[in-house]
Amino acid sequence: MNFDELKSSWQTQPLNSGMEINELKATLDNKWNKYQQSLYRTNICMTLGFLAATIVITWVFFAFQAEFGLAFKLSLASTCLLMIVFAAIAWRSYDFKKDHLEVASTDFIKYQLQKISWQRKVISQYIWIYMVLLWLAVMTYMVEILAPASATLRYSAIGITTLFLVIVAFRDARKQKSRLARLDDMTAELEQQQKMLISN
Amino acid sequence: MEKPDEESFNKLIVSNRASIYRICRAYIYDASLADDLYQEILYQIWKSIRNFKGHAKVSTWVYRIAVNTAISFNLKNKRQQHEPLPEFFQVAYEDTMDEKKASEAKLDHLRYCINQLEPADRLIISLVLEDKSYKDIAEITGSNANLVGVKINRIKGRLLKLMTTKQHYEL
C-alpha cells in the first residue's frame with residue numbers, strides 16, 4: 001500500500017452529506033436570517049438599555065440632589081462607572097464574536113487564544129469588579145435614602161441586600177470553576193495545535 | 001446587513017463542495033458530526049463571501065475558512081465527540097461482500113486511521129489528500145513553508161504505519 005493509492009481512493013469517495021443543494025440553501029437562508037435578527041436584537045437591546053438607564057440616572061440626580069448628600073452622589077457615580085465597565089465588557093465581547101476565518105490557521109488560533117484569554121479575564125476578574133461596584137452603588141444609595149429611618153431598619157436592609165449579593169457571587173463562583181476548567185482545556189488544545197502547525 | 005451574493009456562492013460551492021466534504025470526513029470520524037461541520041463551513045462561506053478581497057486565491061480562501069471552521073467546531077463540540085468503532089469492525093468480512101462494500105470499508109479504514117492522528121495533523125493530511133501543494137498548505141495553515149514538507153512526510157509515514165498496524169489487528 002502506498003500513499004498515492006490512498007489518495008486516489010480518498011478522492012473517489014462519494015459526497016454523502018444527506019442534503020440536497022436546494023434544501024441546503026434554504027437552511028443557510030434560515031440561519032442567515034436568525035443571525036441578522038440576533039445581531040439586531042443584541043445591538044438594539046444594549047443601546048436602549050443604556051439610554052434608559054442614563055435618562056433615569058440623570059433625572060434622579062437633578063430631581064433629588066438638593067435633598068441628599070455626598071453618599072447619594074457617590075452612588076450615582078458608581079452606577080455610571082458600573083455602566084461604563086459593563087458597556088466596555090459587552091462591546092469587547094461583541095467584537096470577539098466576529099471570527100476572522102479567512103486568515104491562516106496559525107493566526108486564527110492566535111485570535112481564538114486571545115478570545116479565550118478575554119473570556120477568562122471576564123469570568124475571573126471583571127465580574128468581581130462589577131460585583132464590588134454594584135455593591136458600592138447600592139450601599140451608598142441605601143445609606144443615604146435610609147438615613148432618616150431607624151437603625152434596625154437601616155442595618156436590616158443593608159444586611160439583606162449584602163446577603164443577596166453574596167449568595168449571587170457564591171453561586172457564580174461555583175459555576176466559575178467548571179467554566180474556567182473548560183477554557184483552560186480549550187487553551188491547551190489550541191496551543192498544542194498551534195505548536196504542531198508551527199514546528200516540524 | 002446585505003444578503004450574500006447567491007451566484008458567487010453557487011459557483012464556489014459547485015467547484016469546492018466535494019473537497020470541503022472530504023476535509024470534514026478527514027477531520028471528524030463521526031459521519032453525522034462531519035455533516036454538521038460541512039453545513040457550518042458552507043454557512044461560514046455564505047457569511048464571509050462579501051468580504052472576499054481577492055488578496056489570496058479563491059481556493060486558498062475557501063480552504064482557510066474550511067480549516068478554521070473545523071478547528072472552531074472541534075472546540076465547541078469536543079464533548080459530544082466519541083470514538084466509535086470503525087465500521088470495518090462492525091461489518092463482518094465475508095467472501096460475498098461486493099466491491100462497493102469493500103471499497104467503503106477501505107475508505108472507512110482510512111478515515112479511522114486519520115482520526116487517530118493529532119487534530120493539526122488531520123487538517124494537514126486532509127489538504128495533502130486534496131492534492132494541495134506544499135506552498136498552498138503553508139499558506140492555508142500558516143505553517144513555515146520550509147518545514148511543511150518535512151512535516152507532511154512525517155504525517156504520511158505515521159498514517160501508513162497506522163493503516164498497516166490496524167489492518168494486522170483487523171485480520
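Each chain gets a letter, A, B and so on, in the order its sequence line appears, and its residues count up from 1.
Residues Gln193(A) and Ile71(B) share a closest heavy-atom pair of OE1-CG1, 3.8 Å. Contact detail for Glu189(A) and Pro119(B): the closest heavy-atom pair is OE2-CG, 4.3 Å. Ile198(A) and Leu147(B) get closest at one heavy-atom pair: O-CD1, 3.8 Å. The minimum heavy-atom distance between Leu75(B) and Arg182(A), with the atom names listed, is O-NH2, 3.4 Å.
Ile129(A) and Leu74(A) are members of different hydrophobic clusters when ILVMFWY side chains are connected at heavy-atom separations under 4.5 Å. Taking hydrophobic clusters as Ile, Leu, Val, Met, Phe, Trp and Tyr residues chained together by side-chain heavy-atom distances below 4.5 Å, Val14(B) does not share a cluster with Leu12(B).
Ranked by non-hydrogen atom pairs under 4.5 Å with chain B, the options Met186(A), Gln112(A), Gln192(A) are led by Met186(A). Here Val128(B) is the residue among Ile124(B), Val128(B), Val148(B), Ile45(B) with the most heavy-atom pairs under 4.5 Å with chain A. Of the listed residues Val67(B), Leu107(B), Asn144(B), the one with more heavy-atom pairs under 4.5 angstrom with chain A than any other is Leu107(B).
Counting heavy atoms of neighbouring residues, nucleotides and ligands inside a 6.0 Å radius, atom CZ of Phe72(A) exceeds 12 of them. The environment of NZ in Lys11(B) is sparse: at most 12 heavy-atom neighbours from other residues, nucleotides or ligands sit within 6.0 Å.
A donor-acceptor pair under 3.5 Å links the side-chain atoms of Gln11(A) to the main chain of Leu129(B), judged by distance alone. Here the side chain of Asp107(A) pairs no donor or acceptor atom with the backbone of Gly142(B) at under 3.5 angstrom. Here the side chain of Ser143(B) pairs a donor or acceptor atom with the backbone of Leu197(A) at under 3.5 angstrom.
One finds the NZ atom of Lys156(B) at 6.0 Å from the NZ atom of Lys7(A) (value rounded to the nearest 0.5 Å). Rounding to the nearest 0.5 Å places CE of Met163(B) at 9.5 Å from CD of Glu5(A). The CG atom of Leu110(B) lies 5.5 Å from the CG atom of Leu6(A); values are rounded to the nearest 0.5 Å. For the atom pair CZ of Arg111(B) and CD of Gln13(A), the computed distance is 4.5 Å after rounding to the nearest 0.5 Å.
Looking at Asp121(B), only its side chain comes within 4.5 Å of chain A, counting heavy atoms on both sides. Heavy-atom distances place no part of Gln194(A) under 4.5 Å from chain B, backbone and side chain included. Interface remark: Ile155(B) contributes no atoms to any contact with chain A (heavy atom separation under 4.5 Å). There is no contact between Ala138(B) and chain A, counting heavy-atom distances below 4.5 Å. At a 4.5 Å heavy-atom cutoff, the contact between Glu118(B) and chain A is made by side-chain atoms alone. Only the side chain of Ile125(B) has a heavy atom closer than 4.5 Å to any heavy atom of chain A.
Residues Trp10(A) and Ile114(B) form a side-chain contact, since some pair of their non-hydrogen atoms from C-beta on lies under 4.5 Å apart.
For the side-chain contact (heavy atoms from CB on, under 4.5 Å) test with Phe108(A), the passing option among Thr69(B), Ile65(B), Asn68(B) is Asn68(B); the others fail.
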